[in-house]
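Index from 1, following the sequence. Start at 1 and go down the list; that is how both ligands and their atoms are numbered.
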Amino acid sequence: MKKETIGDSLSRVDGRLKVTGGAKYSGEYDLPGLTYGVLVPATIASGTVTAIDSKAALRAPGVLAVITPFNATKVPGYQPEASTRIKGLKLFNDNQVYFNGQPIALVVADTFERATNAASLVKATYQAQPFETNFNKNIDKGVSPQNNKDYLRGEAYAYKNAPIKVEQEYTLPSEMHNPMELHVTTAFWTGDDKITLYTKSQGVISSQRAIANAFQLDPKNVQINSRFVGGAFGSSLRTWPHEVAAVQAAKMLNRPVKLTLTREQMFTLVGYRPHTVQKVGIGATADGKIVGISHESHSQTAVYEEFTERSVNVSRFLYSSPNVNTQYKVVPLNVGVPAPMRGPGEATGSFALESALDELSYSLNMDPIELRLKNYAETDPEKNLPWSSKYLKECYQKGADSIGWSNRKAKPGTNNDGEWLVGYGIGCGAFGAYRSRSLAKIKLMPNGTVNIQSATSDIGPGTATSMVLIAADILKIPAEKIVFELGDSSFPVAPTQGGSATVSSVGSAVHDACVALKQKLNTLAGKPENSTDDIDYAKVLSQNNLPFLEITQESIANEEAKKYSMYSFSAHFAKVYVHPLTGVVKIKNVVAVVDAGKIVSYKTARSQMIGGAVGGIGMAMTEEAVFDDRFGRYVNGNFADYHVPVNADIPQIEAIFINKPDPIINPIGTKGIGEISLIGVAAAVANAVYNATGKRIRELPITPDKLI
Ligand code: MOS
C-alpha cells in the first residue's frame, strides 16, 4: 500500500466533500426554529441616530424583532469598565454613527427574504455631523501609531546625497478581501450561559475568547464551529461586531439567529486593505551600491479604531543599506476599519520598494537582478542577526531561467511581438516565518486508523491535507488511514490561521504528537523508544489490551529561534504584452519562486502559490474600491463593478519551490507560503509594464487609461 511522505502531491483530503456539497459552511446549518437577521446600514457618515421608526417593519410578514440602539439589551462586555477588552465598534450599544454603512438596526424574521424586505422599511432619523472620508485632503492629519514607531539606521534621508537617486510616490487604493463565501454567523444559546456559533472564522479559539469576553461567559461555555471556510484572506482573523450582534439577537429572541452579510456590506463591515500612499527614496553609488533608503507611508484607518500594518518594514532589511529611515502614519477617516489582507502591509510596501528599486535600475542602466545581487543582505541588517535560512539568490536564478529573462530588452519600449509591446519585470518580497504554541490530540484506533484534532482553521490552503501528510510521514501509514479534524473550539488549543504560520505551528504539534505516539508504541512493543522498525500498530494495541491510544501534545518554539531572523523570501517574475494604442495589458506569464523552507504538501502549496499570484494580479490590474466622498460610500460595492480577476485575466502561473528545510524554525523546516505568494506580484507586473512601454504606473490598478 502506498505510504505518503512530506513533500508528496496528495489531493485535498476534503476535496470530495467540497466539490459534492458535502462540506457544510457556517450558513448551511438548519436548526429548529432558525430565524434570519439582516442588518440596516446608516445612511450618514457621521453623527447620531435620533430615532428609529420600526412600525412598518414590525408589521411586515414574518418579522420577529427590530433591534436598535433604543431597545437592545446590553452586551455585558460592552459596559464601560470592560470596554478595553472589546475592540472596535459596539453595535447598538449607543446611537453614534462613525461611517456610512455602519449597522444601526438588526431585523430578525422567519425567512431571509422577509428580513431583507423588512430591513428596507426601517426609517431612521439622524443628527448628521461633518465627516471626512477624503484621504488626500486629510493626509496631513496622519498620526504615528504606538505600535509602529519611526525607524532609523545610520543617517536619515541619506539617499538624497547619493550620486544616483530615485524619489517617488506610490499609491494603492483600498482593496476588498471579497472571499466568495459571505460572512455568516449562526448563533444559538443552549442554556442561560452557554452559546454555540457556526461562524466564518480563521481562529475558533480567538472567536471563543472574543464571544466569552463580550458576554462575560466561561470560554468553556462558548462553542465555536468553523469547519469549512470559503476563503477569507484575513477578513475573518477577528470577531466582528455583527457576530456579537447575532449572539445578542439570539439571546433577546431566545431563538437561533443566522446573520448573513450582503456582498455590499462585505465592503464596510469586515475590513479591507487600506488606501495607502508611500514615498520611497533610494540612493546609490554609480556602480549600484545602495547608500540610503527612505520609506514613508500613510494609510487610512477608522475614527473609532486604529488599524496598523507593516508596509514600511520590508525596506529595513530586504537590501543591505547602511542608512535607512522609515515612518508609518495612519489617517483616521469616517470609514469602516481596515483589516489584514493577504500579505498585509508587506504586499503594499513591496509594491513601493520594488517599484522604486526598478526605477533605480534604469537610472543606473543596470539589470534589476544584478542590482538586487549587488545589495544582497547576507544577514538581517535590521535585527543584526543571521537568517535562519535564505535562498533568495536561488529564487532570482530559477525565476530568471523560467521566465526567459535573457529575452528582456534593457531599453523600455524596444521589444515587440507584432503590434504588442513586450516587457519583463521582477518583484521580490519577504514575510516573517512565525511559529506559535499549538496543541494536537492524536488517537490510534484498534483498526489501525488515526484521528488527529486541533482547534485551528482552514480558510482554503488545505490544512488537513498538510497535517495528514506530516502524520503519514512519521507514522509510516497510508494517508487514507488518517483523519485530521479542525474548526472546532472544543479541540486542543491552536492558533488562528493567519500570518502563514499554520503548518509551522499546528504542523509542529502534529509532528510532535506523532513522534510521541510512535515512541509509546515502540515501548509497548518492547522496542527502543526511537526504533524505526515497522510495527503493526493494531497488534500492539490488542497485545496490550488497549481499546485505543490517545496522546495530546503541546508544541512551542525553541529558544534557539531567538538567535535568528526568520523569513520566507520570494521573487515573482512577470512577462506582459501591452497594446500601445488601447493600453490593454495581457499578462503572458507569471513565475513565482519561493524560499519557504520545506514544502509539506506539494499540490496544495502549488495551488496556494497560484491563488496568491491571482490576488497579486488583481492588486496590480483590476482591484479598486471606489469611494464617493460626497456621501462617504463605495460606488462599486458589488462583484459587477469591483473587478476581481477572472480566468481570462490569468495567464499560465508557474510555482517553483526552493524546497530546502529551514534548520531552525520547527522540526519540519517550513517557513510559510500564504502571504509570500502575493507579496511581490504587483511590483513584478508594474515593472514589466514599464519595461514594455516606458510608462511607469505608480498608482494601482494599472488600467488601460493610464497607459494611453
Ligand atoms: Mo492572513 S492576512 O494573516 O489571513
Could you go through ligand 1 and list every pair where one of its N or O atoms sits under 3.5 Å from a protein N or O, giving the atom names and the distance to one decimal?
unit_1: ligand 1; atom_1: 3 (O); unit_2: Gly499; atom_2: N; d: 2.7
unit_1: ligand 1; atom_1: 3 (O); unit_2: Glu675; atom_2: OE2; d: 3.3
unit_1: ligand 1; atom_1: 4 (O); unit_2: Gln202; atom_2: NE2; d: 2.9
unit_1: ligand 1; atom_1: 4 (O); unit_2: Gly234; atom_2: N; d: 3.2

Open item on the list: Ring-plane angle category for Tyr304 and Phe99, please: parallel below 30°, perpendicular beyond 60°, tilted otherwise.
Closed with: parallel

Open item on the list: Taking Asp488 first and then Arg227, would you say they form a salt bridge - that is, a charged N and a carboxylate O separated by under 4.0 Å?
Closed with: no

TODO: Would you please indicate yes or no on a ring centroid separation below 6.0 angstrom for Tyr567 and Phe317?
DONE: yes

TODO: Salt-bridge test for Arg263 and Glu181: reply yes if a basic N is under 4.0 Å from a carboxylate O, no otherwise.
DONE: no

Task: Parallel, tilted or perpendicular, as decided by the 30° and 60° cut-offs, for the rings of Phe657 and Tyr602 - done: perpendicular

Task: Ring geometry between Phe431 and Tyr434 (parallel below 30°, tilted from 30 to 60°, perpendicular above 60°) - done: perpendicular

